[in-house]
Amino acid sequence: KAGVTQTPRYLIKTRGQQVTLSCSPISGHRSVSWYQQTPGQGLQFLFEYFSETQRNKGNFPGRFSGRQFSNSRSEMNVSTLELGDSALYLCASSDIAGGPSYEQYFGPGTRLTVT
Amino acid sequence: KQEVTQIPAALSVPEGENLVLNCSFTDSAIYNLQWFRQDPGKGLTSLLLIQSSQREQTSGRLNASLDKSSGRSTLYIAASQPGDSATYLCAVFNAGGTSYGKLTFGQGTILTVHP
């Protein structure tokens, strides 16, 4: 099976702009989680989607949003970008229906730089 | 609130040494624990997953143990090689509906193996 894919891999944006990142999970996986990784805060959970529904959300401002489509692909959007949003954004997929392991498989990430 | 701590923060060893990475967590009500490897600027690669009912898992030169009651896990790497140099991350998945899709990560251990 192909792994988790994320596009684009690199982005440079200006403060105040908005950005949309995309994640395609492993075929058959219906749960997609998003994380932000920064040198200071480490890996922090943003939100999780399952069957097009957001089931969980981390402690991030409303500028961070996401959605999931019927084919399980997910997008996250950050509006009104701030310098502090510069980070590696990782998505992970999980095959919940396949058993109780809840093992998460991560994509390569999108490196966002805000100038 | 779950908190995950990894010790040491960094480790530098000569090739061939056996080494132990430590992970502790504050809330023992976990569903599973995953160990990941991350190379600079890359995504996360899952190394081992231990279910809460298990005591250990092995894969090649890697062995991970879990003591849920004391909130500890160790990752043992045998006969270390320069290719093992990376950041190793421990993450826990809590039981309960408010934890959908959310892994809580430690800050990682940066491992350098010298030839």
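Computed from a predicted model, the values in this text were never measured in an experiment. Just so we're on the same page: letters track the sequence lines, and every chain starts at 1.
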Item checked: Whether Phe105(B) and Phe106(A) hold their rings parallel, tilted or perpendicular, with breakpoints at 30° and 60° -> perpendicular

All N/O donor-acceptor pairs, side-chain side in residues 107-115 of chain B, below 3.5 Å, sequence neighbours left out:
residue, atom, partner, partner atom, Å
Thr109(B), OG1, Pro8(B), O, 2.5
His114(B), NE2, Ser12(B), OG, 2.5

Item checked: Contact listing (chain B partner; residues 61-82 of chain A; heavy atom under 4.5 Å) -> none

Note to self: I'd like to know if the side chain of Ser46(B) pairs up with that of Gln34(B) as donor and acceptor (distance under 3.5 Å, no hydrogens or angles considered).
What the structure shows: yes

Next item on the list: Identify the heavy atoms of Leu48(B) and Gln57(B) that sit nearest to each other, and give their distance.
Entry: CD1-O, 3.8 Å

Item checked: Heavy-atom side-chain proximity of Leu44(B) to Leu43(A) below 4.5 angstrom -> yes

Notebook entry, point to check: Which residue out of Gly58(A), Pro108(A), Gly109(A) racks up the most heavy-atom pairs below 4.5 Å with chain B?
Noted result: Pro108(A)

Note to self: Given heavy-atom pairs under 4.5 angstrom as the criterion, report whether the side chain, backbone, both or neither of Leu88(A) touches chain B.
What the structure shows: side chain

Item checked: Between Gly101(B), Gly41(B), Gly43(B), the one whose heavy-atom pairs under 4.5 Å with chain A are most numerous -> Gly101(B)

Next item on the list: Flag the pair Leu75(B) / Ser73(B) as yes when at least one side-chain heavy-atom distance between them is below 4.5 Å, and no otherwise.
Entry: no

Check: With a 4.5 Å heavy-atom cut-off, do Ser59(B) and Leu47(B) have their side chains touching?
Finding: no

Item checked: Under 4.5 Å from a heavy atom of chain B, the part of Gln6(A) involved -> neither

Note to self: Could you check whether any side-chain heavy atom of Arg72(B) comes within less than 4.5 Å of a side-chain heavy atom of Phe25(B), counting everything from C-beta outward?
What the structure shows: no

Notebook entry, point to check: Side chain, backbone, both or neither: which part of Phe45(A) has a heavy atom under 4.5 Å from chain B?
Noted result: side chain

Checklist line | Heavy-atom contact with chain B under 4.5 Å, split by part of Tyr35(A) | finding: side chain

Checklist line | Sidechain N-carboxylate O distance under 4.0 Å for Asp85(A), Lys13(A) | finding: no

